[in-house]
There are 2 protein chains.
Amino acid sequence: MTRNTKDDVVAAAGRLFAERGYHGTSMRDLGKELGLLGSSLYSHVDGKQQLLVEVVNRGAGFFQESADAALATVGSAADRLEALIDGHIGIVLDHRSEVRTYLNEADALDPELRASVIAARDRYEEAFRTVLKEGAADGSFRSDVDAPINAIFILSILNAVDRWYREQGRIDRDQLVGDIFEFVSDGVS
Amino acid sequence: MTRNTKDDVVAAAGRLFAERGYHGTSMRDLGKELGLLGSSLYSHVDGKQQLLVEVVNRGAGFFQESADAALATVGSAADRLEALIDGHIGIVLDHRSEVRTYLNEADALDPELRASVIAARDRYEEAFRTVLKEGAADGSFRSDVDAPINAIFILSILNAVDRWYREQGRIDRDQLVGDIFEFVSDGVS
DNA sequence: CCTACCGATCGGTAGG
DNA sequence: CCTACCGATCGGTAGG
């Protein structure tokens, strides 16, 4: 029964925002989750909106770190694409609360902050576009591949993982990455 | 300035739930959208939760009708898959509010109703699994295709369309369907 | 569909 | 981190 740190508060906020949504979570709910009163949270943070900002920034940061690492992979564009997929799945499964909040609750942010989230997402998506373009040049992929559209398709699959995948299921994490990479590479045909 | 029907109320609720979320929408917000007071809504509906149920049921119904029609398509499994994709995109773009609410706000439903939504989604997904299995048999697709997983991947792409696609953009609706079908069939390679 | 209202809950503050 | 509290807003009701 030691005191909560600000990190504890942000982590708990992430859990509740992910589960019930930003508007579905009250400061009193969050206090209860931490074993204190809603009003006591204000010694850790300025307000509810700031908590959302911090959770969302954590989510964005995880993804960007992952992309930077994946782009540094030596090898073919296909290798870098697989690294991007592997990294993304790792982030989604290891930081579910922050990721869910980042993906689903950004609309609850004040307009300027929401705009910065959209910019961060675009920066991340750019890593996928880059790799697809490289692959069209180095022969990893079809030369006529539409990078912007295909980047969106790949990210659609990756982001949705959080909505259905359970680690206790019939496929493990590595298989999931392999299945996605295979689908993205060759489709169903 | 004629009176609102219950359909108007449900439609407006769908718009606000889609835009601000269920918990982010108050009965007074909804009243304002319709030009009346929040309390006046209770002559049309029992409560806020009922509105969510009706919006979500509309969304579910659109998708199921679309799947039933697509499965009746004569031709190869690939033809039926394309019909499923085409139908899905049509529903997403023609009924955005209901679809967004159906896809994103089902967690705000009471437990039994949420369970019935999950069941409806599974029934719909079954159409995709069926077509993939048929395609593995009739030679449309690879014979070793994992239908459950690939159905999820395809639906991930389809459901995400609502998050990024604007009809005013550089690709029109038919191109979008074609791009998705091509990606799903052959991937980026 | 409005008037007038209910008890409950909201985000947040002052002061310790 | 708690006590004690604020004004605003919430979903909803009674009666017309």
Side-chain angles (χ1 to χ4, degrees), chain A residues 1-57 97 101 104-114, chain B residues 1-57 97 101 104-114:
Chain A
M1 275 307 170
T2 167
R3 269 172 159 251
N4 288 296
T5 64
K6 185 178 170 182
D7 257 32
D8 296 333
V9 176
V10 176
R15 266 177 273 136
L16 296 194
F17 293 162
E19 227 174 80
R20 316 175 190 176
Y22 179 74
H23 294 300
T25 302
S26 73
M27 293 301 272
R28 284 160 180 85
D29 290 338
L30 180 53
K32 203 171 293 171
E33 174 86 4
L34 291 159
L36 42 80
L37 295 173
S39 57
S40 301
L41 296 165
Y42 291 87
S43 56
H44 289 105
V45 285
D46 287 343
K48 193 184 173 187
Q49 177 79 202
Q50 192 206 329
L51 279 170
L52 179 58
V53 171
E54 301 218 12
V55 174
V56 159
N57 283 346
S97 307
T101 303
N104 301 321
E105 301 300 321
D107 288 347
L109 285 169
D110 295 333
E112 322 122 50
L113 289 162
R114 194 173 58 235
Chain B
M1 276 306 169
T2 167
R3 269 173 158 248
N4 288 295
T5 64
K6 186 178 169 181
D7 257 32
D8 296 334
V9 176
V10 176
R15 266 177 273 136
L16 296 194
F17 292 163
E19 226 174 81
R20 317 176 190 175
Y22 179 74
H23 293 300
T25 303
S26 73
M27 292 301 272
R28 283 160 179 87
D29 290 338
L30 179 54
K32 203 171 293 169
E33 174 86 5
L34 291 159
L36 42 80
L37 294 174
S39 58
S40 302
L41 295 165
Y42 290 87
S43 55
H44 289 105
V45 285
D46 286 344
K48 193 184 174 188
Q49 177 80 202
Q50 192 205 330
L51 279 170
L52 179 58
V53 171
E54 301 218 14
V55 174
V56 159
N57 282 346
S97 308
T101 303
N104 301 322
E105 301 300 321
D107 288 347
L109 285 169
D110 294 334
E112 322 121 51
L113 290 162
R114 194 173 58 233

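Per chain, numbering begins at 1; letters A, B, ... match sequence-line order.
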With sugar-phosphate meaning primed atoms plus P, OP1 and OP2, does B:Leu37 contact a base, only sugar-phosphate, or nothing at under 4.0 Å between heavy atoms?
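Base contact.
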
Remember a base hit wins even if backbone is also touched, and classify B:Gly47 as base, sugar-phosphate or nothing at under 4.0 Å, heavy atoms.
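Sugar-phosphate: the residue B:Gly47, judged by heavy atoms under 4.0 Å, touches backbone atoms but no base.
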
Send over the distance from [X] [atom1] to [N] [atom2], rounded to a whole Å.
| X | N | atom1 | atom2 | answer |
| --- | --- | --- | --- | --- |
| B:His23 | C:dC10 | NE2 | C1' | 14 Å |
| B:Arg28 | D:dT13 | CZ | P | 13 Å |
| A:Leu30 | C:dT9 | CG | P | 17 Å |
| A:Leu41 | C:dT13 | CG | P | 13 Å |
| A:Met27 | D:dT9 | CE | P | 18 Å |
| A:Arg3 | D:dC2 | CZ | C1' | 10 Å |
| A:Lys6 | D:dC1 | NZ | P | 14 Å |
| B:Asp46 | D:dT13 | CG | C1' | 13 Å |

Would you tell me if any nitrogen or oxygen in the side chain of [X] comes within less than 4.0 Å of OP1 or OP2 on [N]?
| X | N | value |
| --- | --- | --- |
| A:His44 | D:dC1 | yes |
| B:Ser26 | D:dC10 | yes |
| B:Ser40 | C:dC2 | yes |
| A:Ser43 | D:dC1 | no |

Given [options], identify the nucleotide with an atom nearest to the side chain of [X].
| X | options | value |
| --- | --- | --- |
| B:Leu36 | D:dC1, D:dT13, C:dC1 | C:dC1 |
| B:Lys48 | D:dG11, C:dA4, C:dT13 | D:dG11 |
| A:Ser39 | C:dT13, C:dA4, C:dG11 | C:dT13 |
| B:Tyr42 | D:dG11, D:dC1, D:dT3 | D:dG11 |

Shortest non-hydrogen contact from B:Lys48 toward B:His23:
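Result for this residue pair: NZ-CA, 4.2 Å.
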
Does any part of the side chain of A:Leu113, heavy atoms only, come nearer than 4.5 Å to the side chain of A:Leu52, both counted from C-beta?
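A side-chain contact under 4.5 Å is absent here.
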
Could you state the interatomic distance from OH (A:Tyr22) to CG (A:Asn104), rounded to the nearest 0.5 Å?
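Answer rounded to 0.5 Å: 15.5 Å.
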
Could you tell me the separation between the CG atom of B:Leu41 and the CZ atom of B:Arg28, rounded to the nearest 0.5 Å?
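It is 10.5 Å, given to the nearest 0.5 Å.
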
Just name whichever nucleotide pairs with D:dG15, Watson-Crick or G-U, keeping both distances under 3.5 Å, else none.
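Answer to the pairing question: C:dC2, which forms a Watson-Crick or G-U pair with D:dG15.
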
Given A:Val10, A:Leu109, A:Val45, the one that forms side-chain contact (heavy atoms from CB on, under 4.5 Å) with A:Val53
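Among A:Val10, A:Leu109, A:Val45, the one that satisfies the side-chain contact (heavy atoms from CB on, under 4.5 Å) with A:Val53 is A:Leu109.
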
